[in-house]
Amino acid sequence: MSTNRRLDPDDVVDAVSRRAEIMQRLLDGPQYNRDIREAVGVSRSTAYKAISELEEMGLARRGSEGYELTATGRLLFEEYRRFRNRVEAVCHPAQLLSILPADIDINFEVLEGAEVSFAERYAPNRPVTEIADVIRDADVLRGTGPVVLPSYVELFHDQFVAGELEAELVFEQAAFDHLSTDYADEFSEAVESGALEVRVTDEELPFGLLMIEKPTQKVGVIVYDRGGELRGFILNDSESAVEWGEKKWERYREAATPLTPGDN
């Protein structure tokens with residue numbers, strides 16, 4: 001490649017994505033053409049064409065021990081791998097993200113390294129079960145409730161009454177009305193236990209948020225569809241994910257009105 005030629009970023013992205021497997025081999029160390037062919041499983045002509053393209057763009061060169069990446073090729077491929085990993089982190093829960101509002105404020109850090117469960121046709125209750133396990137393991141949590149599920153009412157009630165859980169929860173007004181009316185006894189006992197603090201908001205909550213404080217800090221995002229059906233659960237314990245959750249929780253909490261004795 002001429003040293004005066006400027007690389008076109010679009011051409012580079014295209015070439016690196018198509019030649020990623022070969023560039024990975026070269027990242028591990030110099031390789032002869034035959035080694036590349038055998039490792040990647042391509043024909044001699046395909047390997048030659050790929051190497052020639054990388055050479056032409058200045059991403060690879062022939063050295064004394066075979067073909068190797070140039071400094072440009074190594075840097076670009078490392079950036080490509082980082083980008084590819086980030087894309088994969090978003091693609092994994094994509095079917096859940098597509099349910100949320102398009103302008104939802106959810107950071108990439110919440111998705112990177114997260115555990116994701118889906119309500120599948122063959123296992124519709126999988127997220128319900130996993131969320132229940134998180135609640136059972138928690139000593140202290142904060143959360144939001146756009147939807148009231150009977151199984152969680154019972155679980156929270158039992159945890160509060162047994163003194164195994166402390167929580168502060170923010171409910172949408174409609175969800176709170178449903179909870180305090182249709183589950184009046186369970187709700188009253190939970191509040192009277194002193195283990196539950198409740199706030200109510202007029203805001204429509206885009207998802208359920210779980211902030212696990214003890215024994216281990218975690219953040220959970222519970223995704224419901226417009227009909228209130230639970231579609232999936234995203235759980236992450238990374239520091240950056242928890243920090244995002246803290247900020248979201250504080251915003252929802254500040255916008256909500258505390259429940260005072262007699263309100264229920």
Side-chain angles (χ1 to χ4, degrees), residues 1-118 217-221 223 232-245 247-248:
M1 182 187 81
S2 170
T3 55
N4 294 324
R5 176 186 170 188
R6 288 178 60 88
L7 289 174
D8 183 291
D10 291 333
D11 291 343
V12 170
V13 170
D14 176 62
V16 173
S17 62
R18 287 186 292 103
R19 307 306 184 189
E21 193 171 6
I22 289 176
M23 293 185 76
Q24 177 64 64
R25 294 295 305 180
L26 299 182
L27 189 67
D28 295 337
Q31 303 281 321
Y32 290 108
N33 188 289
R34 64 175 180 275
D35 298 323
I36 296 172
R37 296 199 313 268
E38 293 173 0
V40 180
V42 296
S43 66
R44 176 181 298 181
S45 61
T46 298
Y48 175 79
K49 182 179 179 180
I51 290 296
S52 296
E53 181 179 19
L54 294 176
E55 281 188 294
E56 174 63 22
M57 301 186 79
L59 307 184
R61 65 189 173 202
R62 186 182 185 99
S64 60
E65 298 180 0
Y67 292 101
E68 60 186 10
L69 292 181
T70 62
T72 301
R74 177 177 56 80
L75 289 170
L76 287 172
F77 184 65
E78 288 174 349
E79 287 301 318
Y80 167 80
R81 286 200 306 180
R82 276 191 282 270
F83 171 71
R84 180 65 174 74
N85 290 338
R86 291 172 72 88
V87 169
E88 184 175 351
V90 175
C91 286
H92 182 38
Q95 69 187 71
L96 298 181
L97 299 177
S98 65
I99 297 171
L100 299 173
D103 60 351
I104 194 71
D105 177 23
I106 187 166
N107 288 358
F108 168 77
E109 286 74 14
V110 179
L111 308 176
E112 185 176 29
E115 299 175 23
V116 183
S117 60
F118 305 91
Q217 284 193 314
K218 298 179 182 180
V219 59
V221 174
V223 179
F233 182 48
I234 302 170
L235 182 67
N236 203 324
D237 61 0
S238 73
E239 183 177 346
S240 54
V242 170
E243 182 179 350
W244 171 86
K247 291 179 180 178
K248 297 296 289 185

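All values below were derived from every heavy atom in this structure, side-chain atoms included, with hydrogens, water molecules and symmetry-related copies excluded.
- For residues 12-25, the salt bridge (charged side-chain N to carboxylate O under 4.0 Å, His left out) pairs, not counting sequence neighbours, are D14-R18, R18-E53, R19-E53.
- Rounding to the nearest 0.5 angstrom, the gap separating the CG atom in D35 from the CG atom in L26 is 10.5 Å.
- Shortest non-hydrogen contact noted between F118 and H92 is CZ-O, 3.2 Å.
- For T70, the side-chain hydrogen bond (donor to acceptor under 3.5 Å, both in side chains) criterion is met by no residue, not counting sequence neighbours.
- The ring-ring contact (aromatic ring centres under 6.0 Å, His included) search around Y67 returns none, not counting sequence neighbours.
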Listing, residues 93-112 side-chain donor-acceptor contacts under 3.5 Å, not counting sequence neighbours, or none:
from	atom 1	to	atom 2	distance (Å)
S98	OG	A94	O	3.4
S98	OG	Q95	O	2.9

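- Nearest heavy atom pair, residue T72 against residue G58, reads CB-O, 4.0 Å.
- Residue K218 comes nearest to L235 through the heavy atom pair CB-CD1, 4.0 Å, listed as atom of the first residue, atom of the second, then distance.
- Nearest heavy atom pair, residue A20 against residue Y80, reads CB-CE2, 3.7 Å.
- Using a 4.5 Å heavy-atom threshold, the side chains of V221 and W244 count as touching.
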Under 3.5 Å donor-acceptor pairs involving side-chain atoms of residues 38-45, not counting sequence neighbours:
from	atom 1	to	atom 2	distance (Å)
S43	OG	S45	OG	3.2
S43	OG	T46	N	3.2
S43	OG	T46	OG1	2.9

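- Shortest non-hydrogen contact noted between A50 and I22 is CB-CD1, 3.4 Å.
- For the atom pair R62 CZ and Y32 OH, the distance stands at 7.5 Å (nearest 0.5 Å).
- When all heavy atoms of N33 and A47 are compared, the closest pair comes out as OD1-CB, 4.0 Å.
- Rounding to the nearest 0.5 angstrom, the gap separating the CG atom in L7 from the CG atom in L59 is 6.5 Å.
- Counting only residues at least two apart or on different chains, the salt bridge (charged side-chain N to carboxylate O under 4.0 Å, His left out) pairs with a member in residues 67-85 are R61-E68, R74-E78, E79-R82, R84-E88.
- Taken from CG in D28 to CE in M23, the straight-line distance is 12.0 Å, to the nearest 0.5 Å.
- You'll find the side chain of F233 stays beyond 4.5 Å of the side chain of E115, heavy atoms only.
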